[in-house]
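Notes follow once the structure below has been shown.
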Number of protein chains: 2
Amino acid sequence: MFRQLGRLGHMSAQPLDSSEHRSGALLDHLARRIRLRSESVLAPLGLRPRHLVALTVLRAGGGTGQQALAATLEMDSTNIVGLLNDLEAKQLIERRRSPEDRRRHVVELTEDGAKRLSEAECALAGAEDEVLGALNPVERETLYELLNRAATGTVNCAEVICGTDDPR
Amino acid sequence: MFRQLGRLGHMSAQPLDSSEHRSGALLDHLARRIRLRSESVLAPLGLRPRHLVALTVLRAGGGTGQQALAATLEMDSTNIVGLLNDLEAKQLIERRRSPEDRRRHVVELTEDGAKRLSEAECALAGAEDEVLGALNPVERETLYELLNRAATGTVNCAEVICGTDDPR
DNA sequence: GGAATCGTCTGCGAAGCACCAACTATTTAT
DNA sequence: ATAAATAGTTGGTGCTTCGCAGACGATTCC
């Protein structure tokens, strides 16, 4: 927690200050722009942006129970049911009862699901290009990397330089 | 600037290609997470996430007409009106008739607006910390930088490569 | 046996938003 | 000067998303 202070320190003595640089609004804005385009692109595939998000999360965080999923997506669990029903009807996911706790449904991406997700992502290229046009490929990759880390939670910092990292 | 690029560079040998790496879903997901938290934080300030987005865009892209704003936000212009009414009632923005074309309303952030926006951003620190906890300050700044460039359009397409348009 | 938990289903109500139509003020074209 | 186009405003309609609450069966834990 000392590293870049030297760099940021140019403007004031404040330790925390650093950024009014809040990303929330920008995130919101860009997400909307992409979502709008995604809807029309995804429609022929029988998917909606929300499904994509769910699939993406599932690919990243494999077989979890639904309430865990609800927590991750921060959606009401009753709405998760409907979402998963859609996906299961299309055989993109599977619900299997957990052996350890048979109340639980372990949700997992099927092969079809992974395939469809890839297709969808591929189809979205154009949409993203429009919105992220100001960024070159390297920057987009960086962006993806950052978003992915933020989304999948902390963890992975170990292997990278900042062994200690995140003193939270 | 290069520090984290080098750091991120560890995983892929290829600079480009690859990307099934679509950021759309992640963007969506994170935006949602932040928005949920923002709502409660912003409520006492009499603002909603959507207002924040508008103010942010206005700060970045100053005095534009409302239809230009509608285009940027990709919202129906009739809904923009209501949004701006809210903000004007709180005196966070001003509508002035454009001298050149008096049909136009030039929308601009007031001093109060800029101040309130800063306050709001400050108040959002906690919310973002929760969501972006996996990223260290440098990375968050990078993220902000990228999002900001993507959002403000950056226009620069001319000076950059894509004169021919993105040969994907 | 009784309480708590997971998933499911149903329905209600609020909010966001696109769309349509009508109207005013102003500019531009003929 | 008249007509057409443009910017903004207002009101209304309807769809979709989503949180929330209630009820239920299945299962686990004490």
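Between dA18(C) and Asn79(B), a contact under 4.0 Å exists linking OP1 or OP2 to a side-chain N or O. Dashed line: the shortest gap from a side-chain N or O of Arg104(A) to OP1 or OP2 of dT28(D) is not under 4.0 Å. For the OP1/OP2 pair of dG16(C) and a distance below 4.0 Å, the side-chain nitrogens and oxygens of Arg48(B) include at least one atom meeting the criterion. The phosphate of dT17(D) (OP1 or OP2) has no side-chain N or O of Arg32(B) nearer than 4.0 angstrom.
Note on Glu39(A): nothing from the nucleic acid sits closer than 4.0 angstrom, heavy atoms only. Backbone-only contact: Gly65(A) has heavy atoms under 4.0 Å from sugar-phosphate atoms and none from a base.
Less than 4.0 Å separates DNA chain C from at least one heavy atom of each of the following residues of residues 90-103 of chain A: Arg95(A), Arg103(A).
Using a cutoff of 4.0 Å between basic side-chain nitrogens and carboxylate oxygens, Arg140(A) and Asp129(A) are scored as salt-bridged. Electrostatic pairing of Arg96(B) and Glu108(B) counts as a salt bridge here, judged by a charged N lying under 4.0 Å from a carboxylate O. For the pair Arg37(A) and Glu128(A), the salt-bridge criterion is not met [side-chain N within less than 4.0 Å of a carboxylate O]. Ion pair Glu121(A)/Arg59(A) flagged as a salt bridge, since at least one NZ, NE, NH1 or NH2 atom sits closer than 4.0 Å to an Asp/Glu carboxylate oxygen. Using a 4.0 Å cut-off between charged nitrogen and carboxylate oxygen, Glu74(A) and Arg32(B) do not count as a salt-bridge pair.
To the nearest angstrom, P of dA15(C) lies 15 Å from CZ of Arg35(B). Rounded to a whole Å, the CG atom of Asp76(A) is 17 Å from the P atom of dA15(C). At whole-Å resolution of the value, CD1 in Ile80(A) and P in dC18(D) are 10 Å apart. In this structure, Gln66(A) places its CD atom 13 Å from C1' of dC9(C), rounding to the nearest Å. At whole-Å resolution of the value, NE2 in His51(B) and C1' in dC17(C) are 14 Å apart. Leu52(A) has its CG atom 14 Å from the P atom of dT17(D), to the nearest Å. Rounded to whole Å, the distance from CG on Leu83(A) to P on dC18(D) is 9 Å. Met75(B) places its CE atom 10 Å from the C1' atom of dA18(C), with the value rounded to the nearest Å.
Looking at the side chain of His105(B), the nearest of the listed nucleotides dG7(C), dG19(D), dG8(D) is dG8(D). Relative to the side chain of Val81(A), the nucleotides dG16(C), dC9(C), dA18(C) differ in distance, and dC9(C) lies closest. Closest to the Arg50(B) side chain, of the nucleotides dC20(C), dA15(C), dG7(C), is dA15(C). Minimum atom distance to the side chain of Gln67(A) is reached by dC6(C), of the listed dG19(D), dA7(D), dC6(C). Picking from dG7(C), dT10(D), dC20(D) the nucleotide with the shortest atom distance to the side chain of Asn85(B) gives dT10(D). Between dC9(C), dC17(C), dC19(C), one nucleotide has an atom nearer to the side chain of Thr78(A) than all others, and that is dC9(C).
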Using the side-chain hydrogen bond (donor to acceptor under 3.5 Å, both in side chains) rule, take Gln66(B) and Arg95(B) through it: C-alpha gap first, then chi angles, then the decisive distance, then the call. CA-CA 9 Å; Gln66(B) 327 195 166; Arg95(B) 295 194 238 214; 3.1 Å; yes
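Mapping Glu88(A) and Leu36(A) onto DNA chain C via the closest heavy atom, the residue that lands nearer the 5' end is Glu88(A).
The minimum heavy-atom distance between Tyr144(A) and His21(B), with the atom names listed, is CE2-CD2, 3.2 Å.
Using modelled atom types, no side-chain atom of Thr64(B) and backbone atom of Leu69(B) make a donor-acceptor pair closer than 3.5 Å.
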